[in-house]
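Here is the structure we will look at.
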Amino acid sequence: MNRTFVTALVIILTMAGALLNQSSASSDAARKTDPLAKGKRLFTRHCAGCHGAEGKGDGYKLLGPDPANLTAPATRKKSDSALLATIHEGKPNMPSWKGLLSNHDIQNVLAYIRTLPH
Ligand code: HEC
């Protein structure tokens, strides 16, 4: 599974997510402004497919490294800047998000990951 394929897959999933989101666009102002709610929405749409709904790494398994369990001590111990860099740059089997999400969205998504139960 090469990175171009993974990136293409993610773009397709992102577009499908955007369509779904449009049709269910409730005008809930709080959901739009609360960073954690925004982070949760982004996580569910873009990350949960691989990392699992609760971040336990139980989503899709591709050939190669499995999605990280984002609630494991190994990840929780890492600094925000280290994890932000990983989300920006990607990993084997994980796309780079810097062209797809804004810095602000990436921070919201990490803030949400930090709240996942472990
Ligand atoms: C196509 C599958 C896939 C998607 C989608 C994906 N990831 Fe990942 N992610 C992975 C894999 C696989 C790893 C582990 C790679 C490794 O072990 O080298 C990983 C690792 C990480 C890590 C590093 C954890 C650590 O301990 O260093 C973070 C943080 C992370 N992902 C966040 C995210 C976020 C946030 C999103 C959504 C914006 C996302 N991932 C979407 C597959 C994915």
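Just so you know, ligand 1 is whichever comes first in the structure, and atom 1 is the first atom listed for that ligand.
In this structure, CG in L63 is found 8.0 Å from CG in N93, a value given to the nearest 0.5 Å. How far CD of Q107 is from CD1 of I87: 10.0 Å, rounded to the nearest 0.5 Å. One distance of note links CG of L110 with CG of D80; it measures 5.0 Å at 0.5 Å rounding. How far CZ of R41 is from CG of D34: 10.0 Å, rounded to the nearest 0.5 Å.
Here the angle centred on atom 8 (Fe) of ligand 1, running from SD of M94 over to NE2 of H51, is 180°, rounded to 10°.
In summary, the atoms of ligand 1 found under 4.0 Å from a heavy atom of T86, numbered by their order in the structure, are 22 (C), 23 (C). Remark: ligand 1 atoms within the under-4.0 Å shell around heavy atoms of A68 are 13 (C), 14 (C), 19 (C), 20 (C), 24 (C). Those atoms of ligand 1 that come under 4.0 Å of a heavy atom in P65, given as number and element, are 12 (C), 16 (C), 17 (O). Atoms of ligand 1 found under 4.0 Å from any heavy atom of V109, numbered from 1 in the order shown, are 35 (C). Remark: ligand 1 atoms within the under-4.0 Å shell around heavy atoms of H46 are 5 (C), 37 (C), 41 (C).
Contact record, K98 with E89: NZ-OE1, 2.8 Å, taken as the closest heavy-atom pair. Of all the heavy atoms in Y60 and P67, the pair that sits closest is O-CG, 3.3 Å. Closest approach of A68 and H51 over heavy atoms only: O-ND1, 2.8 Å.
Of the listed options G55, P95, C50, C50 places a heavy atom closest to atom 1 (C) of ligand 1.
Neither the backbone nor the side chain of L42 has any atom closer than 4.0 Å to an atom of ligand 1 (non-hydrogen atoms only). Of all the heavy atoms of N93, the ones lying under 4.0 Å from any atom of ligand 1 are found in both the backbone and the side chain. Residue contacts with ligand 1, taken as heavy atom pairs separated by less than 4.0 Å, involve I113 solely via side-chain atoms from C-beta onward.
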*Trace of the side chain to side chain donor-acceptor pair (under 3.5 Å) decision for H88 with N103*: CA-CA 8 Å; H88 273 94; N103 280 342; 2.8 Å; yes
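Looking at T75 next to ligand 1, an N or O pair under 3.5 Å apart turns up. Between K78 and ligand 1, at least one pair of N/O atoms sits closer than 3.5 Å.
Within the 4.0 Å heavy-atom cutoff, G49 does not count among the residues contacting ligand 1. The closest approach between A74 and ligand 1 stays at or above 4.0 Å for every heavy atom of the residue.
Here the options are L116, L83, T86, I113, the test is side chain to side chain contact (heavy atoms under 4.5 Å, CB included), and the partner is T75; only L83 passes.
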